[in-house]
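Here the structure is laid out as structure tokens; the discussion comes afterwards.
Keep in mind that what you see is a predicted model, and the values were worked out from it rather than measured.
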Amino acid sequence: MGTYIPSTDQQKQEMLEQAGFSCFDDLYRDVPEELKLKEELNLPDGRSEMEVKRFMKALSNENTVYETVFRGAGAYRHYIPSIVKSVVNKEEFVTAYTPYQAEISQGVLQSIFEYQTMICELTGMEVSNASVYDGAVAAAEAVSMCVTPKKKKVYVSKAVHPDTMKVVKTYSWAYGNEVEELDLKDGLTDDEGMMEGAACVVLQQPNYFGLIEDISSLVEKAHAKGIQVILSMNPVAMCALPTPAEYGADIAVGEGQPLGMPLSYGGPYLGFMATNSKLMRKLPGRIVGETVDHEGRKAYVLTLQAREQHIRREKASSNICSNEALCALTASVYLSAMGPQGMKEVASQCYSKAHYLAAELEKAGVRRIHSGDFFHEFVTECADPEALNEKLAAKGILGGMPVEGGILWCCTEMNTKAEIDALVQEVSR
Amino acid sequence: MKTLFERSVSGRHCTILPVCDVPECTPETRREKPLRLPELSETDISRHYTELAKQTFGVNDGFYPLGSCTMKYNPKVNEDAAAMEGFTEVHPTQKAAQGSLRLLKSAEQYLCEITGMDEMTFQPAAGAHGELTGLMLIKRYHEYNGHTERNKIIVPDSAHGTNPASSSMCGFTVINIPSSQDGCVDLDELRKAVGEDTAGLMLTNPNTLGIFDKNIKEITDIVHAAGGLCYYDGANLNAVMGIVRPGDMGFDCIHLNLHKSFSTPHGGGGPGSGPVGCKAFLSDYLPGERIVETDGKLAWCDRGEKSVGAVRGFHGNFLVVVKAFAYLLTLGRQGIPEVAKNAVLNANYLKHLLEKHYEVAKPGICMHEFVLTLENLKKETGVSAMDVAKALQDYGIHPPTMYFPLNVHEALMVEPTETESKETLDNAAEAFLDIYRTIKENPESLHDTPHKSPISRPDEVNAARHPKLRYHFDD
């Protein structure tokens with residue numbers, strides 16, 4: 001059996017006796033006998049490290065790792081610079097707890113402060129928190145910031161990611177909010193359904209079908225009806241398209257996975273949230289602030305804690321305690337390595353390659369089903385997406401995501417022209 | 001220390017991407033705001049974060065007896081497993097993922113066996129997220145049974161703050177009940193609190209004072225008799241896993257903190273994983289999809305209309321589950337109870353060493369943690385729990401949890417975990433003793449501890465009054 005207990009049997013006995021016990025069973029005197037397990041747990045025998053590694057390797061080999069990926073749909077394969085892993089694997093960052101003890105946690109606190117700054121720069125918003133669980137939860141938490149006892153109606157565009165829709169609905173059901181879906185026209189959100197009296201609307205840019213929504217116009221219409229706008233936006237797209245702030249959104253949220261996190265079968269990912277100073281005290285989760293120590297030196301601390309569960313208990317703005325700090329660090333290192341030029345280049349290559357693929361497919365007779373412009377994903381018609389994907393899988397390609405009316409393709413900077421040309425050949429064959 | 005933005009030099013960059021090999025084009029409407037990300041070389045980035053790492057205290061830096069957080073050692077083989085390409089390079093929607101599915105299914109089986117539950121979801125990404133999910137099951141259950149009037153959750157005053165906060169987020173009214181003298185549930189108070197409006201009870205056992213509540217079966221019986229359900233907050237499972245199971249104590253649903261009992265690292269605040277398990281009668285209400293085996297092949301399968309829906313995208317923090325699974329494989333059936341016993345031994349041993357000089361909030365056997373109260377010491381000497389906590393930093397020890405639980409004044413909550421050696425505990429006791437001597441000889445000197453850290457105590461009031469939450473550029 002494997003173990004991480006350092007004390008020897010002799011030491012354990014000494015410790016037991018010193019503390020006034022004769023054996024381990026004495027330690028559980030308070031546990032009623034009839035509740036205790038009578039038999040060993042029905043688990044396998046413990047293993048040595050080498051056996052564990054072998055076992056895990058075999059298990060991981062049962063997953064297919066595709067050479068080429070043309071699928072996004074909420075999880076994107078981007079290039080991750082080598083420096084990212086190297087920094088994020090530093091044991092101090094990996095093994096620390098939430099930085100409650102500021103004096104010995106300045107490193108992690110500063111890294112979060114820098115992360116908050118970068119999220120503000122990307123989104124154009126004024127304040128960011130230190131992260132939440134993922135993009136879908138970020139949208140649900142943002143809804144909680146907007147609803148009031150008098151305004152509990154929430155609109156959600158049918159063009160948001162299906163998981164975002166589900167999570168917003170689940171959180172809303174639990175809290176007692178009413179969710180109404182906004183219909184689509186040619187794949188884009190139709191504002192017709194929005195009526196006065198609602199608390200907020202959740203939109204996504206680019207939307208689930210990859211389309212670039214006319215967010216400015218949607219914001220204008222929502223605001224005219226007193227409805228706050230939560231915009232879930234792809235952080236890479238923010239480097240090319242107008243920022244959530246430029247669109248006029250009240251709260252910017254999104255999935256930070258494209259910023260240096262591998263696909264990882266769905267997690268850990270990173271939910272980011274940013275807003276204006278007016279809504280600052282409604283933000284959920286940890287926030288790091290700059291202050292000074294007793295000698296007047298610059299210092300970072302967890303701040304605005306009066307919002308949080310450990311102080312406010314049932315009156316807190318959210319229950320969040322653990323977040324995705326290491327993923328926030330990942331995003332910061334990624335953004336530092338890419339720099340402003342690198343990020344613009346990623347965005348530009350995503351856009352250009354997706355447009356090249358769409359044009360080549362069109363030439364081969366495979367048409368898009370929507371007319372509007374898109375960022376790095378788009379839907380084409382496809383009679384049998386499952387069959388097509390099976391054919392592609394045999395060539396080492398993860399094909400697009402099956403969606404209603406066709407198949408959702410994605411390109412990032414990772415897809416070479418040769419890969420795209422090969423895909424077009426396979427699809428049109 | 002300079003921020004990344006202050007280190008930035010216009011025009012400096014890393015060379016990451018090749019030139020675009022397709023015709024370049026741009027969207028019609030574009031970002032106008034300049035993208036002010038730092039411009040750095042790889043050397044700059046590497047040194048910056050190495051410097052930040054030096055100013056960060058992790059489990060690898062020293063003893064970390066942070067009560068209620070179970071800061072045990074994070075085994076490296078777990079990290080290796082989670083870094084395998086066969087796990088990291090897998091798209092969450094791809095069908096060819098038998099390895100991931102088998103891992104999740106096995107982890108579910110093992111954890112259900114350890115907790116006495118029947119089914120589990122890995123969608124919740126943290127403990128508090130698990131609490132919210134568990135409460136959703138309770139809400140859904142009462143809704144389906146036509147009992148929407150059951151809208152109150154009973155929470156003892158010693159509970160973690162997340163318990164009442166999660167209840168509120170789930171639309172419940174919180175009924176706080178006072179604990180008895182020994183920190184356990186006051187049965188009379190509980191009997192008074194339950195009724196036809198009771199949705200359920202949230203409890204940790206052992207509780208936040210580190211005491212195993214002997215009356216646990218009676219407690220869950222009282223709640224069940226009133227028509228409510230019982231939720232087990234798994235934050236303290238490390239003390240009892242392999243010894244006694246929440247399912248056998250009478251709990252209907254639970255969450256676990258894989259980043260506590262199951263050794264996955266805390267990452268400076270996350271990612272964690274807070275799987276929720278439940279008895280069979282609640283399993284249709286679980287969020288996310290269920291893994292079903294047909295002809296030896298595993299696949300995700302919809303749970304049907306009773307499910308609360310989804311609490312997170314995709315399948316939760318998968319790589320965290322990979323790490324916990326590697327840990328379960330290593331320990332196996334013998335290792336799990338071994339962990340609990342040694343966690344309890346270490347706590348009792350350290351308590352024994354400390355109680356010669358410090359007052360323990362609740363004498364007697366403790367489980368995996370114990371709480372000191374410095375109330376009397378503060379009255380006598382003016383030295384607070386905060387002072388002692390900060391002084392410990394100078395001994396290379398991470399302070400215990402301070403001022404929690406709320407029902408103990410000047411509390412220091414100490415949880416050594418099983419991965420610390422006798423020598424480490426002896427040294428920690430020496431440090432506590434040394435501080436005690438200082439309290440007696442020169443109490444004033446403790447008010448401005450720590451002395452060896454990069455900063456002294458920060459001005460938290462200023463931080464909250466004048467929030468500066470991002471770097472401001474000069475322009």
Side-chain angles (χ1 to χ4, degrees), chain A residues 1-2 6 11 15 19 24 27 30 41 43 45-46 56 59-60 62-65 87 90-92 94-96 98 103-104 106-108 117 133 136 163 166 170 174 262 265-268 289-291 293-294 299 301 303 309-310 313-314 316 319 321-326 339-340 352 356 417, chain B residues 13 21-22 35 37 49 52-53 55-60 81 84 86 88-90 92 96 98-100 125-126 128 161 164-166 168 170 174 212 265 267-272 309-310 313-315 317-318 330 332-335 341 344 348-349 352 421-422 453 455-456 458 463 468 470-471:
Chain A
M1 130 190 132
Q11 285 180 317
M15 290 158 75
F24 274 107
L27 295 169
D30 283 352
L41 290 166
L43 296 179
D45 283 329
M56 296 302 277
L59 206 50
S60 75
E62 285 183 47
N63 287 333
T64 302
V65 174
V87 168
K90 284 182 190 292
E91 285 183 313
E92 295 85 346
V94 172
T95 68
T98 302
E103 300 84 357
I104 50 172
Q106 285 301 293
V108 70
T117 307
Y133 313 130
D163 282 352
K166 271 192 219 160
T170 300
Y265 201 54
E290 188 187 312
T291 181
D293 74 358
H294 284 185
V301 288
T303 192
Q309 46 79 24
H310 59 291
R313 298 177 77 85
E314 62 265 31
N319 68 340
C321 184
S322 287
N323 54 28
E324 303 290 303
L326 202 64
S352 302
Y356 175 74
K417 179 172 179 296
Chain B
H13 61 90
D21 57 358
V22 302
L35 188 58
L37 295 171
Y49 284 106
L52 289 189
Q55 298 190 15
T56 300
F57 191 98
V59 170
N60 293 65
M84 287 174 182
T88 59
E89 298 306 310
V90 180
Q98 287 299 305
S100 294
S166 302
S168 291
C170 204
V174 178
F212 189 92
F314 304 118
H315 326 295
N317 281 343
F318 173 71
T330 303
R333 89 178 95 200
Q334 311 92 334
K341 289 176 190 171
V344 173
N348 278 286
Y349 178 69
H352 165 73
S421 65
K422 179 174 182 294
S453 303
I455 59 158
S456 59
K468 190 178 171 194
R470 55 156 298 169
Y471 174 76

What's the verdict on side-chain contact (heavy atoms from CB on, under 4.5 Å) for L27(A) and N348(B), showing C-alpha distance, side-chain angles and the deciding distance? CA-CA 8 Å; L27(A) 295 169; N348(B) 278 286; 3.7 Å; yes
For G267(A), does its backbone N or O pair with a side-chain atom of N317(B) as donor and acceptor, under 3.5 Å? no
Testing the basics here: between Y356(A) and V22(B), what is the closest heavy-atom pair and its distance to 0.1 Å? CD2-CG1, 3.6 Å
Could you check whether any side-chain N or O of S60(A) sits under 3.5 Å from a backbone N or O of M84(B), counting only pairs where one atom can act as donor and the other as acceptor? no
Looking at T117(A) and Y471(B), would you say the former's side chain and the latter's main chain have a donor-acceptor pair under 3.5 Å? yes
Comparing S100(B), P265(B), G272(B) against chain A, the one with the most heavy-atom pairs below 4.5 Å turns out to be S100(B)
Can you tell me how far CD of E92(A) sits from OH of Y49(B), rounded to the nearest 0.5 angstrom? 14.5 Å
Short side-chain to backbone donor-acceptor contact, S456(B) and H294(A), under 3.5 Å: yes
When rounded to the nearest 0.5 angstrom, what distance separates OG in S166(B) from CD in E314(A)? 11.5 Å
When the 4.5 angstrom heavy-atom criterion is applied to A136(A) and chain B, the contacting part is side chain
Is it the backbone or the side chain of V108(A) that comes under 4.5 Å from a heavy atom of chain B, or both, or neither? both
Is it true that Q334(B) and D45(A) share a donor-acceptor pair across their side chains at a distance under 3.5 Å? yes
